[in-house]
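Worksheet for the structure shown next.
All values derive from a computational prediction rather than experimental measurement.
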Amino acid sequence: MQNRYSLVISPPDTIIDLVKSMKEQLADQIGWFHSKNSLAHITINEFIATDAEIDKIKKQLATISDSLKPTTVCLNHFDSYPNGAFFIAPDENSTEKLKKIFKHIHQFFRTKTLFKNNEPHLSIGRQLKTDQLATAYSIFTHVDMNFLCESVTLRRFDPNKKQFEIINHFMFNNDPNSSFVQETLF
């Protein structure tokens with residue numbers, strides 16, 4: 001059976017809870033919106049895999065992650081995209097660090113992806129109309145959240161709940177001797 005998966009940066013529970021309350025606050029003003037019930041995350045990619053394939057993918061992700069170095073991420077301003085996405089954005093330094101992590105994963109992740117993200121952001125809402133975006137900007141004026149990005153998280157889509165659910169975390173171990181690094185050098 002094929003399932004849809006997403007690979008994300010998952011912040012700590014304190015940030016997940018804060019973002020959840022922000023989404024509820026926005027929903028009180030504008031009603032339901034896309035991403036309202038999604039747990040806070042920063043998407044890296046999405047892909048389809050069978051049950052048999054996912055075990056190999058998990059091993060691959062463990063190896064890729066093993067060579068990555070934990071890094072502090074600062075989320076410090078709100079922004080939006082023309083498609084109506086309203087999000088919390090990382091500062092310039094964190095953006096560059098996250099882009100390096102994303103590039104590393106995109107480069108060595110061997111599974112065909114449905115979507116690759118190259119612009120790190122933590123969505124509050126998606127597909128908001130112009131007036132809804134204006135409301136979001138009026139409600140949320142300041143944000144300053146920091147966390148240690150020390151893993152990537154694999155999530156599987158649950159069609160009954162219509163949400164992705166966490167199934168694995170892959171820790172960054174900053175291991176220059178990982179088999180992944182050695183394989184890429186030769």
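Side chains of Phe140 and Ile88 form no contact here, defined as non-hydrogen atoms less than 4.5 Å apart.
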- Task: Decide yes or no on ring-ring contact (aromatic ring centres under 6.0 Å, His included) for Phe47 and Phe109, but give the supporting numbers first.
- Result: CA-CA 11 Å; Phe47 60 94; Phe109 187 70; 5.1 Å; yes

- Item | Evaluation steps, side chain to side chain contact (heavy atoms under 4.5 Å, CB included), between Phe157 and Asn3 | CA-CA 7 Å; Phe157 187 74; Asn3 290 296; over 6 Å; no

- Message: Before you tell me yes or no, could you show the steps for Thr63 and Phe108 under side chain to side chain contact (heavy atoms under 4.5 Å, CB included), namely the whole-Å CA-CA distance, both residues' side-chain angles and the distance that decides it to 0.1 Å?
- Response: CA-CA 10 Å; Thr63 304; Phe108 298 106; over 6 Å; no

- Task: List the steps, then state whether side chain to side chain contact (heavy atoms under 4.5 Å, CB included) holds for Thr153 with His169.
- Result: CA-CA 4 Å; Thr153 301; His169 297 284; 2.9 Å; yes

- Item | Ser80 and Tyr137: CA distance, side-chain angles, deciding distance, side chain to side chain donor-acceptor pair (under 3.5 Å) verdict | CA-CA 9 Å; Ser80 61; Tyr137 275 112; 3.0 Å; yes

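By the 6.0 Å contact criterion, NZ on Lys58 is enclosed, its count of non-hydrogen atoms from other residues, nucleotides or ligands being greater than 12. Environment of CD in Gln2: crowded, with over 12 heavy atoms of neighbouring residues, nucleotides or ligands closer than 6.0 Å.
The closest donor-acceptor contact from the side chain of Ser21 to the backbone of Leu18 lies under 3.5 Å. Side-chain N or O atoms of Gln132 include none that pairs as donor or acceptor with a backbone N or O of Leu26 at under 3.5 Å. No donor-acceptor distance shorter than 3.5 angstrom exists from the side chain of Ser35 to the backbone of Ser38, with no hydrogens or angles considered. Distance alone, capped at 3.5 Å, is enough to place a donor-acceptor pair between the Ser94 side chain and the Cys74 backbone.
Rounded to the nearest 0.5 Å, atoms CZ (Arg155) and CD (Glu165) are 10.0 Å apart. Once rounded to the nearest 0.5 Å, the distance linking CD1 of Ile139 with CD of Gln29 reads 4.5 Å. In this structure, Phe170 CZ and Leu68 CG are separated by 12.5 Å, a value rounded to the nearest 0.5 Å. Rounded to the nearest 0.5 angstrom, Asp91 CG and Glu96 CD are separated by 10.5 Å. Rounding to the nearest 0.5 Å places CG of Leu154 at 10.5 Å from CD1 of Ile44. Taken from CG in Asn146 to CG in Leu75, the straight-line distance is 7.5 Å, to the nearest 0.5 Å.
Contacts of Gln127 classified as side-chain contact (heavy atoms from CB on, under 4.5 Å), with partners at least two apart in sequence or in another chain: His34. Residues passing the salt bridge (Lys or Arg N to Asp or Glu O under 4.0 Å) test with Glu150, sequence neighbours excluded: none.
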For a quick test of your reading: what N or O donor-acceptor pairs under 3.5 Å do the side chains of residues 112-125 make, sequence neighbours left out?
| unit_1 | atom_1 | unit_2 | atom_2 | d |
| --- | --- | --- | --- | --- |
| Asn117 | OD1 | Glu119 | N | 2.9 |
| Asn117 | ND2 | Thr43 | O | 2.8 |
| Asn117 | ND2 | Glu119 | O | 3.2 |
| Glu119 | OE2 | Lys99 | NZ | 3.3 |
| His121 | ND1 | Glu119 | O | 2.7 |

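Hydrophobic clustering (ILVMFWY, side-chain heavy atoms < 4.5 Å, transitive): Val73 and Val8 are in distinct clusters.
In this structure, a donor-acceptor pair under 3.5 Å is absent between the side chains of Ser10 and His41.
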